[in-house]
Amino acid sequence: MNAPDRFAPAAVDPGGAEPHVMPTYGRLPFALSHGSGCWVWDTTGKKYLDALAGIAVNTLGHAHPKLVPALQDQVAKLIHSSNYYLVSLQEQLAAKLCALSGLRNVFFCNSGLEANEAALKVARKFGHDRGIERPEIVVYEGAFHGRSLATLSATGNPKIQAGFGPLVEGFVRVPLNDVAAIERLGRSNPNIVAVFLEVIQGEGGIRPTTIEYLKQVRRVCDERGWLLMLDEVQCGMGRTGKWFAHQWAGIRPDVMPLAKGLGSGVPVGAIVAGPKAANIFQPGNHGTTFGGNPLAMRAGVETIRIMEEDGLLENAANIGAHLKGALASELGALPGVKEIRGQGLMIGVELDRPCNVLTTRACEAGLLISVTADSVIRLLPPLIMNRAEADEVVERLVPLVKKFLAE
Ligand SMILES: Cc1ncc(COP(=O)(O)O)c(C=O)c1O
């Protein structure tokens with residue numbers, strides 16, 4: 001008889017009293033095993049249409065035939081080197097992000113909150129460099145910027161902050177789309193150094209900043225010498241039909257955090273900086289071990305290349321308009337549906353009541369979606385979704401919503 005293998009992983013007992021993964025998520029009771037395009041399969045073989053893309057991450061869907069060989073090639077060459085050395089793929093991806101955004105340089109990290117932390121540090125140092133000892137940053141009601149101490153302090157959701165005080169200081173909060181509020185702050189608070197906002201609030205319920213508001217905030221920042229920092233972690237990288245959501249307003253930010261869709265599933269984050277913010281970090285001011293590693297950089301370079309080759313911005317705009325239109329005609333007039341909004345493949349259907357249960361029911365119907373801000377059904381499909389798949393999303397989702405509202 002063979003001796004028992006001491007190094008074999010312990011058998012997982014999902015119903016056991018002591019799970020080994022911290023319960024930070026209320027997880028649905030299935031595990032995905034593989035995918036192809038906009039479709040994924042769980043470990044029992046059940047098939048789902050993915051209208052969530054890992055929360056706006058899987059830009060190219062699953063197992064994309066152009067991405068997979070490129071990543072395999074990179075893994076076989078070099079996964080990680082170190083920021084002690086030049087990383088030529090960093091130069092390549094940074095040059096591309098600057099060309100697409102019209103901005104000047106890039107710092108690479110590994111996630112959305114890390115990108116936002118870097119942006120907040122840039123803003124504070126920008127203030128200190130100007131002799132402001134206690135710099136303050138304008139943030140928004142309903143915002144979500146991440147789960148680190150600084151980013152949860154910037155987040156406008158008391159549920160996310162509860163239990164983690166004392167919060168990081170130096171934030172002033174205003175309502176979204178209220179120009180007068182920000183002008184008042186400009187007149188009354190000499191410590192403000194930056195305005196920090198999502199162009200479309202994602203976790204907050206697919207709530208867009210208006211084009212007019214973005215233009216006005218740009219004006220106020222210019223008049224006051226503040227940095228405009230636009231968190232495009234969820235709404236950026238082509239999701240709205242332009243490379244970056246702020247481009248619909250014809251403005252440029254001074255700092256733009258990115259993550260999620262940038263690597264099509266390989267973790268990568270970045271801040272892209274314009275001239276006002278490009279030289280604030282100097283050697284020793286910021287850093288990360290993993291940030292900018294060759295594998296993540298290759299994922300970013302290839303994601304953008306494939307998006308360009310396959311016309312995925314146009315696809316996001318067209319399929320998004322089709323999907324939103326179809327949802328509006330099927331659900332728009334129903335009592336209980338408050339609003340259907342969003343841009344490109346970032347769509348929210350707001351109901352007049354909490355509807356978290358729809359996430360589970362959609363899974364049962366073979367559809368991956370999420371519900372955010374308790375009452376907003378959120379769709380963030382891969383940017384490769386085609387018209388037939390968009391119709392299938394509608395076909396699977398609409399009966400669930402109708403039944404739910406009739407209960
Ligand atoms: C707008 C925005 N910023 C930041 C984050 C945090 O990103 P991460 O989860 O990669 O830290 C998210 C995540 O949902 C987000 O939507």
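Predicted, not measured: the structure shown is a model, and the values here were computed from it. All values below were derived from every heavy atom in this structure, side-chain atoms included, with hydrogens, water molecules and symmetry-related copies excluded. The first residue in the sequence is number 1, and the count goes up from there.
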For the CD1 atom of Ile192 and the SG atom of Cys221, what is their distance to the nearest 0.5 Å?
9.5 Å
Can you tell if the side chain of Phe244 reaches within under 4.5 Å of the side chain of Val199, non-hydrogen atoms only?
no
Looking only at atom types and distance, does a side-chain atom of Asp50 sit under 3.5 Å from a main-chain N or O of Val40, one as donor and one as acceptor?
no
Between Arg396 (side chain only) and Ala362 (backbone N and O only), is there a donor and an acceptor less than 3.5 Å apart?
no
With salt bridge (charged side-chain N to carboxylate O under 4.0 Å, His left out) as the criterion, how do Glu339 and Arg207 come out once you've worked through the C-alpha distance, each side chain's angles and the decisive distance to 0.1 Å?
CA-CA 11 Å; Glu339 195 180 11; Arg207 293 190 187 279; 5.7 Å; no
Is the side chain of Arg378 donor-acceptor paired with the backbone N or O of Ile206 at a distance under 3.5 Å, no angle test?
no
Distance (rounded to the nearest 0.5 Å) between Leu400 CG and Leu405 CG:
11.0 Å
Please identify each residue that fulfils salt bridge (Lys or Arg N to Asp or Glu O under 4.0 Å) with Lys66, with sequence neighbours left out.
Glu309, Asp310
Contacts of Ala115 meeting side-chain contact (heavy atoms from CB on, under 4.5 Å) (sequence neighbours excluded), chain-then-number -> Cys109, Pro257, Ile271
Strictly distance-based, threshold 3.5 Å: is any side-chain N or O of Thr59 a donor or acceptor partner for the main-chain N or O of Gly261?
yes
Are Pro253 and Met229 close enough that some pair of their side-chain heavy atoms sits under 4.5 Å apart?
no
Would you say Ile384 and Leu312 make side-chain contact, with heavy atoms under 4.5 Å?
yes
Per-pair distances, 0.1 Å, donor-acceptor, side chain in residues 139-146, under 3.5 Å, sequence neighbours excluded:
unit_1	atom_1	unit_2	atom_2	d
Tyr140	OH	Tyr213	OH	2.7
His145	ND1	Asp231	OD2	2.8

Is any side-chain heavy atom of Tyr48 closer than 4.5 Å to a side-chain heavy atom of Leu367?
no
Partner residues of Arg184 under the side-chain hydrogen bond (donor to acceptor under 3.5 Å, both in side chains) criterion, sequence neighbours left out:
none
Side chain to side chain, Val337 and Leu351, heavy atoms closer than 4.5 Å
yes
Please check: side-chain N/O of Glu203 versus main-chain N/O of Thr372, any donor-acceptor pairing under 3.5 Å?
no
Closer than 3.5 angstrom, by distance alone: can the side chain of Asp352 be matched with the main-chain N or O of Pro335 as a donor-acceptor pair?
no
Contacts of His322 meeting ring-ring contact (aromatic ring centres under 6.0 Å, His included) (sequence neighbours excluded), chain-then-number -> none
How would you list, by chain and number, every residue that makes a side-chain contact (heavy atoms from CB on, under 4.5 Å) with Ile211, sequence neighbours excluded?
Lys215, Trp248, Ala249
Output side-chain donor-acceptor pairs under 3.5 Å for residues 275-285, partner residues at least two apart or in another chain, one line each.
unit_1	atom_1	unit_2	atom_2	d
Lys276	NZ	Trp226	O	2.6
Gln282	NE2	Asn279	O	2.9
Asn285	OD1	Gln282	N	2.7

Would you compute the distance between atom NZ of Lys260 and atom CD of Glu232 and round it to the nearest 0.5 angstrom?
13.5 Å
Is Asp254 salt-bridged to Arg104, going by a charged N under 4.0 Å from an acidic O?
no
Using side-chain contact (heavy atoms from CB on, under 4.5 Å), reason through Arg239 and Leu380 one step at a time and then give a plain yes or no.
CA-CA 8 Å; Arg239 182 146 291 281; Leu380 299 164; 3.8 Å; yes
Provide the closest heavy-atom pair for Ala94 versus Phe108 in the form atom of the first, atom of the second, distance.
N-CZ, 3.8 Å
Exam field: side chain Lys324 to backbone Gly342, donor-acceptor pair closer than 3.5 Å:
yes
With sequence neighbours left out, the residues meeting side-chain hydrogen bond (donor to acceptor under 3.5 Å, both in side chains) with Glu212 are Gln216
Is the number of heavy atoms from other residues, nucleotides or ligands within 6.0 Å of CZ (Phe290) greater than 12?
no
Is there side-chain contact between Met237 and Trp243, with at least one heavy-atom pair below 4.5 Å?
yes
Does CZ in Arg353 sit with more than 12 non-hydrogen atoms of other residues, nucleotides or ligands closer than 6.0 Å?
yes
For the pair Glu117 and Lys121, find out whether any cationic side-chain nitrogen is under 4.0 Å from an anionic carboxylate oxygen.
no
Going through the checks in order, is the side-chain contact (heavy atoms from CB on, under 4.5 Å) test met by Val393 and Leu327?
CA-CA 9 Å; Val393 171; Leu327 290 168; 5.8 Å; no
Excluding sequence neighbours, so at least two apart, what forms side-chain hydrogen bond (donor to acceptor under 3.5 Å, both in side chains) with Gln201?
none
Set of side-chain contact (heavy atoms from CB on, under 4.5 Å) partners for Pro135, sequence neighbours left out
Arg124, His128, Ile132, Val193
Using the side-chain contact (heavy atoms from CB on, under 4.5 Å) rule, take Leu383 and Met307 through it: C-alpha gap first, then chi angles, then the decisive distance, then the call.
CA-CA 9 Å; Leu383 305 191; Met307 288 175 73; 3.8 Å; yes
Of all the heavy-atom pairs spanning Gly54 and Val57, show the shortest one and how long it is.
O-CG2, 3.1 Å
Any non-hydrogen side-chain atom of Glu114 less than 4.5 Å from a side-chain atom of Thr288?
yes
Working to the nearest 0.5 Å, report the span between OG of Ser370 and CG of Leu52.
5.0 Å
Ignoring hydrogens and geometry, is there a side-chain-to-backbone donor-acceptor pair from Gln90 to Gly292 under 3.5 Å?
yes
Charged N-O contact under 4.0 Å between Arg387 and Asp391:
no
Any side-chain heavy-atom pair of Met256 and Ser101 under 4.5 Å:
yes
Strictly distance-based, threshold 3.5 Å: is any side-chain N or O of Lys338 a donor or acceptor partner for the main-chain N or O of Val376?
no
Check against side chain to side chain donor-acceptor pair (under 3.5 Å), Asp42 and Thr44:
CA-CA 5 Å; Asp42 73 15; Thr44 70; 2.7 Å; yes
Could you pull out the closest heavy-atom pair between Leu93 and Gly300, with the gap in Å?
CD1-C, 3.6 Å
Quick check: does any side chain N or O of Glu389 sit under 3.5 Å from a backbone N or O of Asn386, one acting as donor and the other as acceptor?
yes
side-chain hydrogen bond (donor to acceptor under 3.5 Å, both in side chains) involving Gln74 - partner list, sequence neighbours excluded
Arg298
Tell me every residue that passes side-chain contact (heavy atoms from CB on, under 4.5 Å) with Leu167, counting only those two or more places apart in sequence or in another chain.
Leu152, Ser153, Gln161
Considering residues, nucleotides and ligands other than Phe164, do more than 12 of their heavy atoms fall under 6.0 Å from its CZ?
no
State whether Arg361 and Glu364 are salt-bridged, where the test is any N-O pair (Lys NZ or Arg NE/NH1/NH2 against Asp/Glu carboxylate O) under 4.0 Å.
no
Where is the tightest heavy-atom contact between Ala53 and Pro381, given as atom of each residue plus distance?
CB-C, 3.9 Å
With side-chain contact (heavy atoms from CB on, under 4.5 Å) as the criterion, how do Glu183 and Arg219 come out once you've worked through the C-alpha distance, each side chain's angles and the decisive distance to 0.1 Å?
CA-CA 10 Å; Glu183 281 185 326; Arg219 175 185 58 77; 2.6 Å; yes
